[in-house]
Protein chains: 2
Amino acid sequence: MISLVMDINIKEPFNRDRQFALKRQAVIRAAGLDFCKRGFHNTSMTNIASNLGLTKAALYYYVKNKDEVLFECHQQAYDAMDILLEKNIIGRNGMEQLENLFGDFVRMLTASGISLLTDVNSLSDVNKTKVLKRRGIIERKIIKIVKQGQSDGSIADGNSRLHVFFFMGALNWLNAWYDNSGYFKGEDIAKHFVKQMKMGIAGGHLNQAVT
Amino acid sequence: MISLVMDINIKEPFNRDRQFALKRQAVIRAAGLDFCKRGFHNTSMTNIASNLGLTKAALYYYVKNKDEVLFECHQQAYDAMDILLEKNIIGRNGMEQLENLFGDFVRMLTASGISLLTDVNSLSDVNKTKVLKRRGIIERKIIKIVKQGQSDGSIADGNSRLHVFFFMGALNWLNAWYDNSGYFKGEDIAKHFVKQMKMGIAGGHLNQAVT
DNA sequence: AATAAATTTGACTCAAGAGTTAAATTTATA
DNA sequence: TATAAATTTAACTCTTGAGTCAAATTTATT
């Protein structure tokens with residue numbers, strides 16, 4: 001439906017609404033990195049602003065308050081995860097799906113500048129409820145994949161919830177220690193983590209000897 | 001060297017220094033649980049005090065300031081981990097040692113009321129340095145066990161640091177979601193987690209088919 | 001009973017940081 | 001050039017919570 005006469009992309013940088021939205025996104029992402037590195041309460045709005053080369057007043061041109069910023073950080077991460085969940089509904093069996101998904105999670109967290117924050121208690125009550133609800137939904141989707149894998153034999157029996165909590169712990173912790181400029185390259189971590197995740201819960205035909 | 005005439009234990013409750021120390025420990029532990037549940041900055045000194053049935057002023061009879069409380073929480077966890085590291089230097093091979101150790105970690109965290117906090121950035125610079133140093137030492141001890149396991153063949157090749165970061169992530173995350181009164185019993189989690197940790201990095205003779 | 005320790009009461013100081021505002025200035029758009 | 005959007009400056013208000021303090025009271029110890 002895109003007309004060839006009227007090129008949309010070339011006008012993009014002149015679309016102010018679009019620019020506003022992009023800058024807002026950048027603000028959230030930068031704030032997320034700050035929160036991840038120093039913690040929500042150890043990061044002031046002034047900090048966030050000056051890390052962006054901005055002023056506190058300018059920051060408030062893009063966001064309502066600090067609570068909204070934290071909330072949007074969570075949303076950003078969950079949006080990304082939802083997309084990856086959508087993308088990875090394919091796969092020979094539960095395990096294959098899970099491998100792709102988990103690898104994508106790691107790649108997303110190490111490459112996109114999106115932070116998977118765990119500080120839910122610093123949110124206002126309303127937003128905390130929303131975030132926990134959404135986290136629960138994502139959690140259940142992952143558990144569903146695991147259960148599917150247990151049905152098709154690609155994933156070992158055992159409490160599916162604990163299976164998931166274990167490797168999602170690795171993911172949450174990754175976000176805390178991972179450093180862009182550090183020793184490990186994102187892709188290497190992804191490969192390693194997928195393998196360790198997989199082996200940890202691989203189905204019976206792969207681990208009869210060990211149980 | 002303990003004289004049989006002078007019984008030490010029976011006088012214990014009348015030893016004021018000892019009572020003071022015990023109460024102080026209880027304060028730290030209670031604070032740790034609060035920090036774990038709501039976060040350091042979302043827990044006021046008044047909160048901690050009233051959760052103990054005390055008054056803020058009484059709290060300051062036992063601790064110097066809030067920074068000290070957070071610092072001692074970390075110390076408490078690391079003291080416990082050090083003891084478990086000492087206890088588990090035995091074992092047929094690296095993996096067996098690691099299994100015992102990891103299981104003990106889980107049991108300790110689910111049973112003792114000791115919290116493994118991750119908020120290091122809310123500490124004063126001096127204490128943050130101390131905590132990170134100590135965490136590094138413990139990390140290296142665990143990595144050493146893993147490397148030993150890789151030598152004796154009980155643990156799979158691959159970056160030992162990533163091996164450790166993966167399952168220690170599960171441990172840190174456990175502390176965030178575990179709830180005393182919740183669905184899972186500590187011992188069940190321990191058994192499950194040990195298994196999943198083990199399978200994730202089991203040595204070649206156990207997982208040739210999967211690599 | 002005398003003394004020391006443990007704790008309460010309640011009022012207080014102080015600092016940090018969120019959030020606001022208005023006016024001036026710069027930058028982009030048409 | 002005129003207009004609207006983006007940003008700065010700088011000063012300001014308000015709230016929260018850490019930490020202090022002194023005097024009174026309760027509890028344990030000898």
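Lettering of chains follows the sequences in order, A, B, ..., and the numbering in each one begins at 1.
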Non-neighbouring partners of A:E68 that pass salt bridge (charged side-chain N to carboxylate O under 4.0 Å, His left out), sequence neighbours left out: A:R24
A:R134, CZ atom: more than 12 neighbouring heavy atoms under 6.0 Å: yes
Per-nucleotide protein contact string for nucleotides 4-11 of chain C (B base, S sugar-phosphate only, - none; heavy atom under 4.0 Å): -SSBBB--
Enclosure of B:K141 NZ (heavy-atom neighbours >12, cutoff 6.0 Å): yes
Euclidean distance, atom OH of residue B:Y60 to atom P of D:dA22 [Å, nearest integer]: 17 Å
Nucleic acid contacts - residues 28-47 of chain B versus DNA chain D, non-hydrogen atoms under 4.0 Å: B:T43, B:S44, B:M45
Candidate pair A:H41 and B:S122, rule side-chain hydrogen bond (donor to acceptor under 3.5 Å, both in side chains), full reasoning: CA-CA 8 Å; A:H41 289 283; B:S122 299; over 6 Å; no
Check: A:F165 ring centre within less than 6.0 Å of B:W173 ring centre: no
Set of side chain to side chain donor-acceptor pair (under 3.5 Å) partners for A:S44, sequence neighbours left out: A:N47
Sidechain N-carboxylate O distance under 4.0 Å for B:D104, B:R107: yes
Separation of atom CG in B:N65 from atom P in D:dG17, rounded to whole Å: 17 Å
Heavy-atom closest pair, residues B:L117 and B:H74: O-NE2, 3.6 Å
Secondary-structure string, 5' to 3', Watson-Crick or G-U under 3.5 Å, | for another-strand partners, for DNA chain C: ||||||||||||||||||||||||||||||
Residue-level proximity of residues 118-129 of chain B to DNA chain C when a heavy atom falls under 4.0 Å: none
Where A:T110 and A:N180 come nearest, the two heavy atoms and their spacing: O-OD1, 4.0 Å
Lys/Arg cation over aromatic B:F40: B:K66, 6.0 Å, 45° cone: yes
Heavy atoms of other groups near A:D179 CG, more than 12 under 6.0 Å: yes
Nearest heavy atoms of A:M95 and A:A202, plus distance in Å: CE-CA, 3.7 Å
Protein-nucleotide distance (B:K66, atom NZ; C:dA16, atom C1'), rounded to Å: 13 Å
Aromatic plane relationship, B:F102 with B:F193 - under 30° parallel, 30 to 60° tilted, over 60° perpendicular: parallel
Atom-to-atom span, CZ of B:R18 to C1' of D:dA28 - whole angstrom: 18 Å
